[in-house]
Amino acid sequence: MTDFVEELNWRGMLHNYIPGTEELLKKEMTTAYIGFDPTSDSLHVGSLAQIMTLRHFQKAGHKPLVLVGGATGMIGDPSGKSEERNLLNEETLAFNLAGIRKQLEKFLDFDPSLPNCAEVVNNYDWTKDYTFLDFIRDIGKHITVNYMMAKDSVKKRINAEDDGTNATGMSFTEFSYQLVQGFDFLWLYENKHCKLQMGGSDQWGNITTGTELIKRKLSGKAYALTTQLITKEDGGKFGKSEKGNVWIDASKTTPYEFYQFWLKVSDTDAKKYIRIFTELSKDEVEKLIAEHELAPDTRLLQKTIAKEVTVLVHSLEEYNTAIEASAILFGKSTRQAIENMSDSTIESVFSGVPVFNIQPAAEPWNILDLLTSVAPVFASKGELRRMITENGLSINQEKWTKADGVVSDSDFIRNKYLIVSKGKKQHFLLKISN
RNA sequence: GGGGAGAUUCCAGAGCGGCCAAAUGGGGCAGACUGUAAAUCUGUUGACGUACGUCUUCGGAGGUUCGAAUCCUCCUCUCCCCA
């Protein structure tokens, strides 16, 4: 059985915790929860760090609760936001919750025969019938506005002018958020014996409102533990690719794209991510880093992370296909190599890249029409021309330089497939369907 | 309820009657160098046409003018301050 706090610590995931948390975890099997934001019907790689936290927690012999925020999702957490959030409607939320719940089941052990089996809870269940009056009398009474205003997430929005940020104001709704989240903790404390809430470091303020509430209302002792927010070397937001968020759901982000996302991570980030997103032991990690540094160009770390995470989130088969596709698209393979592949191999290898099905045509296509209207790889002809001028367009792995050229059936591999590349990293497949 | 500030192209933010498809910065995309890394440099970033050019854009609707993102009127929304 591993020591949870120590485990997070060496992995560089630990941010802060209330004194006594470590002792509590050593003393008894503890129940803890992490809340997930239901703003989409799928989790994305940003949530993956929290999932890993829960996995470590369960491995350490404790009981993880996953809270899907049906209620809090309706309000919107102001932490880290400089603007008021859009509210989701009930239907969307219900749909999103179902999607997320399903995904989580893959990462934790929900077997009810285990004493520390994971459970999913939805705060909508215990808030939906709670009246406003009850809430402000029984919950709001215990927390002062002064206390709530002192939270960074609130201060930041209220003192926007003083510190020169452009944050906009904050509605009462968002202001109440911490109290609603605190109420969740209170409820779980009373009903599920849950003594600990975890979350990203941006959740510290919200979590401690919960522990405070438990202390004042029940004279109980609850704990908090936060993890480091995942950062990127360049300061950008972690978890985005050219196409936006990187999702766990294969229909939103294909396993190939998912694999590529991890493979493209920078060296500096890779050293952090290998500890956060894989479950390799400390020795293995240190060995890999040392090995990577001897020959950084082999990108051993990126490959290891990509493998571990893709296999965990998708499967070994998907991972193998992703490697195969990567080898073709980024390797030196020529048109000839692809000519020799079977249709089904091509289809599976390219299953990760965007595919455009097009109709056969009597006349050859003008390249401009083909790639903007027949198969809209590019948003406009201007953009495509620019790309060609900049030497960024490749067809079937060969540079395309003629702005006004035509493409005919015979340019398609076996009269059927055409690989279009935008620069070096973005690939598309055009397929003539009969 | 009163007073003030503001709404500009992905974002921030200039422009304040013609020289504005709109400065500058950020971001994005591409190229060079590399290792599908980092850093750096270069180009590019409304649409259509190879191009001189044409068209649609500066919260919305009208108006003034040869001509408006820029002036006027009304409307909508946002923020701040005072009650």
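Chain letters run A, B, ... following the sequence lines, proteins first, then strands; residues in each count from 1.
Spacing between B:C77 and B:U64 at atom P, rounded to whole Å, works out to 28 Å. Comparing the C1' positions of B:C16 and B:C72 gives an interatomic distance of 14 Å, to the nearest angstrom. Separation of the C1' atoms belonging to B:G25 and B:U45 is 14 Å when rounded to the nearest angstrom. For the C1' atoms, the distance linking B:A22 with B:U8 amounts to 9 Å, nearest Å. Taking the C1' atom of each, B:C52 and B:U36 are spaced 42 Å apart, rounded to whole Å. B:U76 and B:U54 have their C1' atoms separated by 33 Å, with the value rounded to a whole Å. Distance noted for atom C1' between B:A32 and B:U56: 36 Å (whole Å). For B:A37 and B:G26, the C1' atoms lie 23 Å apart once the distance is rounded to whole Å.
Residue order along RNA chain B, read from the 5' end via each residue's closest nucleotide, puts A:Gly423 first among A:Pro296 and A:Gly423. Place A:Asp267 and A:Lys399 on RNA chain B by their nearest nucleotides, and A:Lys399 ends up nearer the 5' end.
Dashed line: the shortest gap from a side-chain N or O of A:Lys424 to OP1 or OP2 of B:A32 is under 4.0 Å. For the OP1/OP2 pair of B:G49 and a distance below 4.0 Å, the side-chain nitrogens and oxygens of A:Lys381 include at least one atom meeting the criterion. Residue A:Arg385 has a polar side-chain atom (N or O) positioned under 4.0 Å from OP1 or OP2 of B:G49. For A:Ser380 and B:A47, the shortest distance from a side-chain N or O to OP1 or OP2 is below 4.0 Å. Remark: A:Gln426 is not in phosphate contact with B:U36, judged by side-chain N or O atoms under 4.0 Å from OP1 or OP2. Regarding contacts with the backbone of B:A47, a side-chain N or O of A:Arg386 is found under 4.0 angstrom from either OP1 or OP2. An OP1 or OP2 oxygen of B:A37 is reached within less than 4.0 angstrom by a side-chain nitrogen or oxygen of A:Lys425.
For the residue pair A:Glu212/A:Thr209, the side-chain donor-acceptor check at 3.5 Å is not satisfied.
The residue A:Ser326 sits close to a base: some heavy atom pair falls under 4.0 Å. Residue A:Asn391 is classed as a sugar-phosphate contact, given heavy-atom separations below 4.0 Å to backbone atoms only. Base engagement by A:Gln302 is indicated by at least one non-hydrogen atom pair under 4.0 Å involving a base atom.
Spacing between atom CG of A:Leu384 and atom C1' of B:U50 amounts to 14 Å, rounded to whole angstrom units. At whole-Å resolution of the value, NZ in A:Lys264 and C1' in B:U36 are 7 Å apart. Note: CD (A:Glu293) to P (B:G35) measures 18 Å, nearest angstrom. Spacing between atom CG of A:Asp269 and atom P of B:A39 amounts to 10 Å, rounded to whole angstrom units. Between the CD atom of A:Glu383 and the P atom of B:C10 there is a distance of 14 Å, rounded to whole Å. Atom P of nucleotide B:U34 and atom CG of A:Asp297 are separated by 13 Å, given to the nearest angstrom. Summarising the geometry, the separation between NE2 on A:His292 and C1' on B:U36 is reported as 13 Å, rounded to the nearest angstrom. Spacing between atom CG of A:Asn366 and atom P of B:C48 amounts to 13 Å, rounded to whole angstrom units.
Salt bridge absent: A:Lys272 and A:Glu233 never bring a charged side-chain N and a carboxylate O closer than 4.0 Å.
A cation-pi arrangement is not found for A:Lys128 relative to A:Trp126, the charged atom failing to lie both closer than 6.0 Å to the ring centre and inside a 45° cone about the ring normal. Annotation: cation-pi geometry satisfied between A:Lys422 and A:Phe378 (NZ/CZ under 6.0 angstrom from ring centroid, within 45° of ring axis).
For the side chain to side chain donor-acceptor pair (under 3.5 Å) with A:Asp41, the qualifying choice from A:Lys252, A:Gln103, A:Lys102 is A:Lys252, the only one to do so. Here the options are A:Leu48, A:Asp37, A:Leu104, the test is side-chain contact (heavy atoms from CB on, under 4.5 Å), and the partner is A:Leu43; only A:Leu104 passes.
For A:Asn245 (side chain) and A:Trp247 (main-chain N/O), no donor-acceptor pair under 3.5 Å exists by modelled atom type. With A:Thr208 contributing its side chain and A:Gly205 its backbone, the two residues share a donor-acceptor pair below 3.5 Å.
Here B:G49 sits opposite no nucleotide as a Watson-Crick or G-U wobble pair (both hydrogen-bonding atom distances under 3.5 Å). Pair assignment for B:U9 gives none, since no Watson-Crick or G-U wobble pairing has each distance under 3.5 Å. Taking a pair to require two hydrogen-bonding distances under 3.5 Å in either a Watson-Crick or a G-U wobble arrangement, B:C79 pairs with B:G4. If you check B:U44 for Watson-Crick or wobble pairing at under 3.5 angstrom, you find it paired to B:G28. The pairing partner recorded for B:U57 is none, the criterion being a Watson-Crick or G-U wobble arrangement whose two distances lie under 3.5 angstrom. Remark: B:C33 base-pairs with no nucleotide; criterion is Watson-Crick or G-U wobble with both hydrogen-bond distances under 3.5 Å. Across all strands shown, B:U70 forms no Watson-Crick or G-U wobble pair with both key distances under 3.5 Å. Across every strand in view, B:A22 sits unpaired, with no contact that passes the Watson-Crick or G-U test at under 3.5 angstrom.
Evaluation of atom-type donor-acceptor distances gives a pair under 3.5 Å for the side chain of A:Gln260 against the base of B:U36.
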